[in-house]
S.K.: 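The structure under discussion is supplied below as structure tokens; questions concerning it will follow.
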Protein chains: 2
Amino acid sequence: MPRGFGVGPHWWCNRFQDAGFRITVPRQAILDLLNRTHEHLSAEDIYLEVHKIYPAIGLTTVYRTLELLVNMGLVFKFDFGDGRARYELSQGPGTLKHHHHLVCTGCGRVIDYTEFIEQEKELVHRTERELSRKYNFKIDSHQIQFLGLCHNCQKENK
Amino acid sequence: MPRGFGVGPHWWCNRFQDAGFRITVPRQAILDLLNRTHEHLSAEDIYLEVHKIYPAIGLTTVYRTLELLVNMGLVFKFDFGDGRARYELSQGPGTLKHHHHLVCTGCGRVIDYTEFIEQEKELVHRTERELSRKYNFKIDSHQIQFLGLCHNCQKENK
DNA sequence: CTGATAATGGAAATCATTTTCATTAAGGAG
DNA sequence: CTCCTTAATGAAAATGATTTCCATTATCAG
Ligand SMILES: [Mn+2]
Ligand SMILES: [Mn+2]
Ligand SMILES: [Zn+2]
Ligand SMILES: [Zn+2]
């Protein structure tokens with residue numbers, strides 16, 4: 001109902017229409033939020049944030065929408081080991097370039113990195129080609145993450 | 001109490017003694033199982049399997065032991081997206097070489113692969129060096145996984 | 001062998017995510 | 001613009017993996 005919410009025809013509207021999904025207020029609000037942050041938000045983070053501007057939102061809808069977005073390939077879902085899934089927009093203007101993650105096992109901090117992404121791309125492509133052939137496996141995406149201790153957490157453990 | 005269970009002084013006994021942890025029957029049983037399988041077992045898988053040979057085991061102990069083993073670096077913990085953690089022995093004879101995973105998003109099947117591990121090692125080392133320096137981040141380990149559809153699941157989706 | 005206490009296991013508690021189901025609202029047809 | 005079909009929503013309850021509590025047990029140094 002909030003006439004004129006995030007109404008402009010965003011880049012994702014076509015994706016929805018083509019797939020036959022309805023463009024609803026909750027979906028727009030969630031996409032708007034993801035589009036405007038670079039953080040790795042949990043479902044609850046998103047619920048709380050969207051709730052501020054659209055209090056009628058339900059946590060269930062957040063989960064459902066995120067699942068839809070992941071299936072559509074618009075959103076990445078990650079597990080950084082803290083017991084809750086984290087989400088990040090995969091495309092669109094304002095989105096970070098292709099990157100991977102550095103996860104601190106001490107405090108949970110996550111750093112996006114893009115170093116060596118070019119060399120990595122090459123290796124990944126070769127590996128994908130080889131694995132697809134050898135295991136007859138159709139590869140859609142990949143995840144790379146380094147686990148360790150961030151600056152702060154290194155001191156604490158002496 | 002089962003005198004003569006998996007009693008022989010296994011390779012991990014020193015690790016336990018050095019760290020001041022006790023070598024108990026449940027711990028031995030869990031390590032024995034992990035040592036003898038190449039599967040990616042969940043805590044409950046392990047509980048059920050160990051339960052056959054040592055019925056007194058409790059699920060709580062399985063979780064606690066696995067956490068300990070992960071902290072000691074003897075076991076890897078993975079999330080393949082099916083809502084439960086999976087565990088794999090990280091070292092010892094009989095352990096697979098350094099490898100990564102191919103995860104089917106259709107049926108959950110996980111394939112270990114070692115292709116291009118040598119080239120990968122090089123890249124990983126360079127990346128680690130660079131990231132450690134740039135972000136002052138002490139890297140302990142890394143995970144790489146490819147997501148996609150296995151042979152069977154490709155057909156089903158037409 | 002014995003004592004201090006680390007480790008265990010059952011039951012209850014947590015907590016993220018999913019399911020259920022009655023209600024609402026996209027959006028195509030008219 | 002109004003109607004109508006039905007996809008989408010949200011509150012509440014259910015689920016299911018993992019954690020916490022706490023009384024009891026078993027390891028192992030002395
Ligand atoms: Mn990121
Ligand atoms: Mn493996
Ligand atoms: Zn940290
Ligand atoms: Zn499959």
Side-chain angles (χ1 to χ4, degrees), chain A residues 1-7 9 12-14 16-31 40-48 50-51 54-72 75 77-87 108, chain B residues 1-7 9 12-14 16-31 40-48 50-51 54-72 75 77-87 108:
Chain A
M1 322 213 133
R3 207 35 99 104
F5 204 110
V7 272
W12 58 69
C13 289
N14 293 323
F16 271 75
Q17 287 170 337
D18 293 350
F21 297 126
R22 295 181 180 175
I23 298 171
T24 67
V25 175
R27 285 172 180 178
Q28 302 234 41
I30 291 169
L31 275 162
H40 305 96
L41 301 173
S42 68
E44 196 183 9
D45 291 338
I46 293 168
Y47 167 73
L48 291 172
V50 171
H51 186 271
Y54 181 63
I57 189 106
L59 182 54
T60 308
T61 298
V62 173
Y63 275 105
R64 266 187 307 229
T65 300
L66 288 169
E67 190 190 6
L68 179 71
L69 296 175
V70 169
N71 287 336
M72 292 175 73
V75 162
K77 179 178 184 178
F78 296 108
D79 169 54
F80 295 138
D82 67 342
R84 65 192 65 192
R86 302 273 166 180
Y87 301 86
Chain B
M1 338 182 117
R3 207 35 100 105
F5 204 109
V7 272
W12 58 70
C13 289
N14 294 323
F16 272 76
Q17 287 170 337
D18 293 349
F21 297 125
R22 295 180 180 176
I23 297 170
T24 67
V25 175
R27 286 172 179 177
Q28 302 235 38
I30 290 169
L31 275 163
H40 305 98
L41 301 173
S42 68
E44 196 184 8
D45 290 339
I46 293 169
Y47 168 73
L48 291 172
V50 171
H51 186 270
Y54 183 63
I57 189 104
L59 182 54
T60 307
T61 299
V62 173
Y63 275 106
R64 265 185 309 229
T65 301
L66 288 170
E67 190 190 7
L68 179 72
L69 295 176
V70 169
N71 288 335
M72 292 175 73
V75 162
K77 179 179 184 177
F78 296 109
D79 169 54
F80 296 138
D82 67 343
R84 66 193 66 190
R86 303 273 167 180
Y87 302 86

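Because only heavy atoms are used, hydrogens play no part in the values below, and waters and symmetry mates are left out as well, while side chains stay in. Naming: A, B, ... by sequence-line order, numbering from 1 per chain.
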S.K.: Can you confirm if the aromatic rings of His40(B) and Phe80(B) lie within a centre distance of less than 6.0 Å?
M.R.: yes
S.K.: Which atoms form the tightest heavy-atom contact between Pro26(A) and Tyr54(A), and what is the distance?
M.R.: CG-CE2, 4.0 Å
S.K.: Atom CD of Glu44(A) to atom P of dC15(C): distance rounded to whole Å?
M.R.: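 Spelled out: CD on Glu44(A) to P on dC15(C) is 11 Å.
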S.K.: Any side-chain N or O of Thr61(A) less than 4.0 Å from the OP1 or OP2 oxygen of dG10(D)?
M.R.: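 True: Thr61(A) side-chain N/O within range (under 4.0 Å) of dG10(D) OP1/OP2.
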S.K.: How far apart are the closest heavy atoms of Glu44(B) and Leu59(B), and which atoms are they?
M.R.: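 Nearest heavy atoms, Glu44(B) then Leu59(B): CA-CD1, 4.3 Å.
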S.K.: Looking only at heavy atoms, what is the nearest atom pair of Val70(B) and Lys77(B), with distance?
M.R.: CG2-CB, 4.0 Å
S.K.: Measure from the side-chain heavy atoms of Val25(B) and tell me the nearest of dG9(C), dT27(D), dA17(D).
M.R.: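 Output: dT27(D).
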S.K.: Give the rounded distance in Å between these two atoms: CD of Glu67(B) and C1' of dT8(C).
M.R.: 15 Å
S.K.: I need the minimum non-hydrogen distance between Ile46(A) and Leu41(A), along with the two atoms involved.
M.R.: CG1-CB, 3.7 Å
S.K.: What integer distance in Å separates Arg64(A):CZ from dA16(C):P?
M.R.: 19 Å
S.K.: If I take atom CD in residue Gln28(B) and atom P in nucleotide dA6(C), what distance separates them, rounded to the nearest angstrom?
M.R.: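 After rounding, the reported distance stands at 20 Å.
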S.K.: Nearest to the side chain of Tyr63(A) - dT18(C), dA7(C), dG9(C)?
M.R.: dT18(C)
S.K.: Separation of Ile57(B) atom CD1 from dA7(C) atom P, in whole Å?
M.R.: 14 Å
S.K.: Of the listed nucleotides (dT18(C), dG9(C), dT8(C)), which one gets closest to any side-chain atom of Tyr54(B)?
M.R.: dG9(C)
S.K.: From the set dT18(C), dT17(C), dA7(C), return the single nucleotide nearest to any side-chain atom of Ala85(A).
M.R.: dT17(C)
S.K.: Is it true that a side-chain atom of Arg27(A) and a backbone atom of Thr65(A) form a donor plus acceptor pair closer than 3.5 Å?
M.R.: no
S.K.: Rounded to whole angstroms, how far apart are CG on Leu59(A) and P on dT18(C)?
M.R.: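 One finds 10 Å between P of dT18(C) and CG of Leu59(A), rounded.
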S.K.: List the atom of Leu31(B), the atom of Phe16(B), and the distance in Å for their closest heavy-atom pair.
M.R.: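 Answer, listing the atom of Leu31(B) first, then Phe16(B): CD1-CE1, 3.8 Å.
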S.K.: In whole angstrom, give the distance that lies between atom CZ of Arg84(B) and atom P of dT18(C).
M.R.: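 Checked: the CZ to P distance equals 13 Å.
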S.K.: What's touching nucleotides 28-30 of chain D from the protein side, N or O pairs under 3.5 Å?
M.R.:
unit_1  : atom_1 : unit_2   : atom_2 : d
dC28(D) : OP1    : Ile23(B) : N      : 2.7

S.K.: Phosphate oxygens OP1/OP2 of dA7(C): is one of them under 4.0 Å from a side-chain N or O of Arg27(B)?
M.R.: yes
S.K.: Show the nearest heavy-atom pair for residues Ala43(A) and Val62(A), with the distance to one decimal.
M.R.: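 For Ala43(A) and Val62(A), the tightest heavy-atom pair comes out as O-CG1, 3.5 Å.
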S.K.: If the helix axis at each end comes from five base pairs, how far does the helix from dC1(C)-dG30(D) to dG30(C)-dC1(D) deviate from straight, to 10°?
M.R.: 40°
S.K.: Within this structure, what is the CZ-to-C1' distance between Phe80(A) and dA16(C), rounded to whole angstrom?
M.R.: 17 Å
S.K.: Salt bridge (charged side-chain N to carboxylate O under 4.0 Å, His left out) with Arg86(A): which residues, sequence neighbours excluded?
M.R.: Asp45(A), Asp82(A)
